[in-house]
Student: 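I am attaching a structure below and will ask some questions about it afterwards.
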Amino acid sequence: MSYSEAKKKYSALGVDTDAAIKKLKDVPVSLHCWQGDDVRGFDTDPSKPLTGGIQTTGNYPGRARTPDELMADLDMVMSLIPGTPKMNLHASYAIFENGEWADRDKLEPKHFAKWVKFCKDRGLGCDFNPTFFSHPKCDPLTLASPNEDTRKFWIEHGKACIRISTYLAEELGQTCVMNIWTGDGFKDIPADRLGPRKRYRESIDAILKEPYDFKKVKPCVESKVFGIGVEAYTVGSAEFALSYAAMNMDKCIPLMDNGHYHPTEVVSDKIPALLTFFPEIALHVTRPVRWDSDHVVLFDDEMKEIAREIVRCRGLDGRVHIALDYFDASVNRISAWTMGYRNAQKALLYALLQPNEILKAMQDSGDFSKLMVAQEELKTMPFGDVWEEYCLVCGKPVDGEWFTEVEKYEAEVLSKRG
Ligand code: RNT
Ligand code: ZN
């Protein structure tokens with residue numbers, strides 16, 4: 001079916017497909033740099049393991065090993081995805097020049113000058129993350145450590161990251177979302193659950209004392225339920241992170257990663273709960289398979305429901321900051337990156353093509369039979385034609401046309417990497 005026919009069908013349901021396409025085109029969605037190199041970064045020995053309770057699995061060839069390789073891969077991905085990507089960097093992706101090196105507590109904006117140039121040349125904004133993992137100063141705790149020197153080091157890192165986030169926001173003229181996540185926790189039953197949380201709270205307080213303009217830099221606190229090797233206790237639990245954000249609404253916002261909850265909990269339902277109270281929230285969109293496995297985002301039911309809540313709560317008008325967060329090393333990384341981003345875009349477009357006001361009215365008038373029928377029948381609308389039109393409007397390949405480009409890139413570029 002052609003786009004014009006699909007448009008007519010949607011219009012009969014009260015949905016304007018052109019308006020949906022126009023809306024989504026300009027919504028920034030953050031593209032995480034860490035899918036390209038298995039979360040290794042450039043500031044520590046790449047042979048050292050990833051720590052902090054997260055894990056990449058698989059050893060598909062072609063991992064980016066240098067800033068130039070990572071940037072080339074990002075360009076490849078960006079040539080294949082519709083919409084408005086925004087870069088998302090971790091502090092560990094600092095680029096040092098002329099043999100210089102700085103530890104995480106001493107990082108400066110200049111270590112991200114190359115990234116600023118990369119973003120400027122492509123008209124991108126940039127989000128940022130302090131890196132509280134994969135570093136010898138993890139004892140193994142960071143901001144919650146009982147050791148004052150450890151805490152001080154990581155607080156200084158957090159402050160340096162606020163200064164870098166301000167630099168990114170000012171240089172690029174877009175808000176910089178700066179996400180605080182640590183893997184602090186214990187493998188086995190702790191004797192003191194309160195102490196680490198009090199220290200974590202004080203450490204975040206100290207980081208947020210670093211001056212910043214809350215309109216430009218949006219610090220977030222990301223919660224988690226558990227990680228590998230820290231199964232029994234997580235300092236930054238859901239209640240901790242949410243309470244912190246609620247008590248400091250003028251300084252930071254909560255961040256929910258949909259891999260960080262018990263398996264029957266859903267972030268789609270939590271979005272409107274948080275938006276009842278918080279003017280803004282942030283999301284890490286991922287796909288947990290039985291645990292926080294960070295599989296590639298699919299166009300699946302929960303992804304659709306997350307997107308529907310974002311759209312219904314008017315989150316696309318700046319209330320919900322959307323970032324992707326997954327890392328699969330078992331398949332072609334460019335394909336993983338592209339597929340996940342395209343799927344997140346698909347879900348958002350799908351959500352924009354729901355007659356939300358009409359469905360709400362059915363709910364409010366208690367017409368639940370009609371609502372069920374309407375919601376079910378929407379599932380077989382000609383969504384694929386609108387998606388294809390969206391890709392064309394964005395000047396990006398439609399389904400069926402991008403993967404061959406990835407195969408070509410693999411043959412010409414990735415397979416030549418040692
Ligand atoms: C880990 C968190 C965190 C990281 C990234 C690399 O469980 O989700 O957001 O994945 O910062
Ligand atoms: Zn996350």
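For ligands, and for the atoms within them, numbers begin at 1 and follow the listed sequence. For reference, positions follow the sequence shown, starting with 1.
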Student: Do the rings of Phe42 and Trp115 sit parallel, tilted or perpendicular, given the 30° and 60° boundaries?
Tutor: parallel

Student: Would Lys408 and Glu412 pass as an ion pair if we require N to O under 4.0 Å?
Tutor: no

Student: Among Phe112, Tyr212, Tyr167, exactly one meets ring-ring contact (aromatic ring centres under 6.0 Å, His included) together with Phe128. Which residue is that?
Tutor: Phe112

Student: Is a salt bridge present between Arg151 and Asp139, judged by a nitrogen-to-oxygen distance below 4.0 Å?
Tutor: no

Student: Using a strict threshold of under 4.0 Å (side-chain N to carboxylate O), is an ion pair present between Lys110 and Glu100?
Tutor: yes

Student: Which atom pair, heavy atoms only, marks the closest approach of Phe132 to Cys138?
Tutor: O-SG, 3.9 Å

Student: Could Lys218 and Phe214 be counted as a cation-pi pair, given that NZ or CZ must be under 6.0 Å from the ring centre and within 45° of the axis?
Tutor: yes

Student: Would you please write out the protein residues whose heavy atoms approach any atom of ligand 1 to under 4.0 angstrom, listed by chain and number?
Tutor: Trp34, Ile54, His90, Trp181, Glu222, Lys224, Asp257, His260, His284, Asp292, Asp325, Phe327

Student: Are any of the side-chain nitrogens in Arg314 or Glu357 under 4.0 Å away from the carboxylate oxygens of its partner?
Tutor: yes

Student: Could you measure the distance from the OH atom of Tyr326 to the OG1 atom of Thr286? Nearest 0.5 Å is fine.
Tutor: 9.0 Å

Student: Give me the number of protein N, O or S atoms whose distance to the Zn ion (ligand 2) is under 2.8 Å.
Tutor: 4

